Amino acid sequence: MYILVSRDGGKVLVAPLTDDGSASAPELTLSDAEFGRYVQEQDSAARWVWDDTVAWYPRLLAGGIRIARCHDLRLCHVILRHSTLSAGSDLASAPAGEWDASALSGGAGEGEALFELGHGGLPDPRGEFLRQLEAVRAATAPGRLRLLLAAESAGALVAAEMQFAGLPWRRDVHERLLATELGPRVPHGTRPERLERLAARIRVALEAPALNPDSPVELLRALKATGLPIASTRAFELRRVEHPVIEPLLEYKKRSRLLSANGWAWMDAWVVDGRFHPEYLPGGVVTGRWAARGGGALQLPKQVRGAVVADDGWKLVVADAAQLEPRILAGLAADVAMADAGRGTDLYAGIVAGGVVETRQQAKGAMLGAMYGATTGQGGQLLPRLAAAYPRAVAAVEAAARLGERGDVVTTLLGRSSPRPDAGWRAAQAQASQPGATAADERRARSQAREWGRFTRNFIVQGSAAEWALCWLAEIRKELWEVGTRADASPGGSPAPFRRRPHLVFFLHDEVIVHTPEALAKEVAEVVREAAARAGRLLFGEFPVDFPLSARIVDNYAEVT
DNA sequence: AAAGAGAGCGCG
DNA sequence: AAAGCGCGCTCTCTTT
């Protein structure tokens, strides 16, 4: 059963709908408080349909209310609008409207537009929902698309819940770390003691008494003046030359990065009451991966992960999917040989054991090369051996690359399609095929075509992996709630839905962290593991590809390497 | 003074 | 000269 909710001035309109979207009960007009009570009274099988999870769910969570399922019209619109599986639908062929504009502002833009949705919202959600139902019904593979929309929407719930709960963060631990690495705290904009000492050593070594090591331009000029053969100040390049300045300079860069990205200012801005509350953006990346805004949640350096510590009496269950993308590729391409290589073992080790390459590093390099489109270097050189051993998998990514090079669209396993290249790209291709095209025109067109081919090549793998991860998250979320209920940690509808229950607190593409009461930790680890197996079956049915996890029960995120 | 580009580095 | 994919954030330097 669906329950469509929308805004009417200060009121909430509630419309129960059947599976085909027709009214199943009279519409209600409720105040916010009445709406909260109404939500709690409904069966947990209800699927809440709303324009935007961000506009609705945080308020419910703040009121102590957790829901089981939703359909996020904004996120689903984006998928259906571009998917090749629903290409013939009215929804896909209509001119661009407000639902399309909302995707842009919601994805990467200002964020203000989203916030305003709380009052008024997007136009005619009922009509939009009916168009979405019809687009799915008439789609090429409705089952896949339906799963994708459900997973995407579940992801939106997880994102809101994780933002609400926050990642446990110990200020004192973080402060100790900063004091050790940088010295005593100084005001923003000034250089802490240890950095200042390193800067002094750099100036001496380069005989540049006024050098500002934060300026790449000044630094490069000074490095060249001492005769070092480098073209940039990147750490990678610096490590390849020998000079007394290199050691203090690399130290400086490392610590300076800590200060600017995750220093005292970061802590003051993002850690509140012992929790880091980043804003996750489901669907924020074209491939379907999440993005995040504020605090760099998806770039937490290993350096500071020691500050992520479970509460007293609680544990962190940290799990990541081993070699997720190659396994996804094996499933996508139905490459039994590659799936076999990963069964019950590290997939790269399995490739070595199969005699395809000599070392694990080579196996990894070749796999990444195949998925990213490397033509040179180790990855490119080993590609023929990979292709000989796993012809189906390699053919799948090659085919995706060829489509992209032609400007065509590719689609993930569940139905998310890649964007088309922009007008500039098309113009460059057209230009190169004109009779009077110069060699430069042709070179440029070929280079851009290959570039887009690398994007589409990777899109099918990264995008399908993101779908697996969404299914994994959704299964984890569902089962954790069951575990919490069985343990009677807190009856549904307590003032704080996650205060006593195991709950997700972090997600990073192929990795999750669950914060759980210690007594439930083992059960939670099993839930996370089982959810991975279920996600695999949801995507690939009986095709025999494994998704092993490293799941560890720890007090501290830094314990996991 | 503000906005944008580029460099650099963090994560998967 | 280009060079394997996808991101966000901070800082410098240039442009408006």
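The model shown is predicted, which means the values in this text are computed figures rather than measured ones.
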Assign A:Gly377 to base, sugar-phosphate, or nothing according to its heavy-atom contacts below 4.0 angstrom with the strands shown. nothing
C:dA1: pairing nucleotide in any strand, Watson-Crick or G-U under 3.5 angstrom: none
Please give the nucleotide sitting opposite B:dG8 as a Watson-Crick or G-U wobble pair, both distances under 3.5 Å, or none. C:dC9
Can you tell whether the side chains of A:Glu237 and A:Arg234 come within less than 4.0 Å, N to carboxylate O? no
So does A:Glu358 pair up with A:Arg385, basic N to acidic O under 4.0 Å? yes
With the side chain of [X] defined as its heavy atoms from C-beta on, choose the nearest nucleotide among [options].
| X | options | result |
| --- | --- | --- |
| A:Gln462 | C:dG6, C:dG8, C:dA3 | C:dG6 |
| A:Thr375 | C:dT12, B:dG12, C:dG4 | C:dG4 |
| A:Arg293 | B:dC11, C:dC9, C:dC5 | C:dC9 |

With a cut-off of less than 4.0 Å, is there a side-chain N or O of [X] near OP1 or OP2 of [N]?
| X | N | result |
| --- | --- | --- |
| A:Lys254 | B:dC9 | no |
| A:Arg454 | C:dC5 | yes |
| A:Thr233 | B:dG8 | yes |

For the rings on A:His174 and A:Trp266, is their centre-to-centre separation under 6.0 Å? yes
Counting the benzene-type ring for Trp, do A:Trp472 and A:Phe507 have ring centres under 6.0 Å apart? no
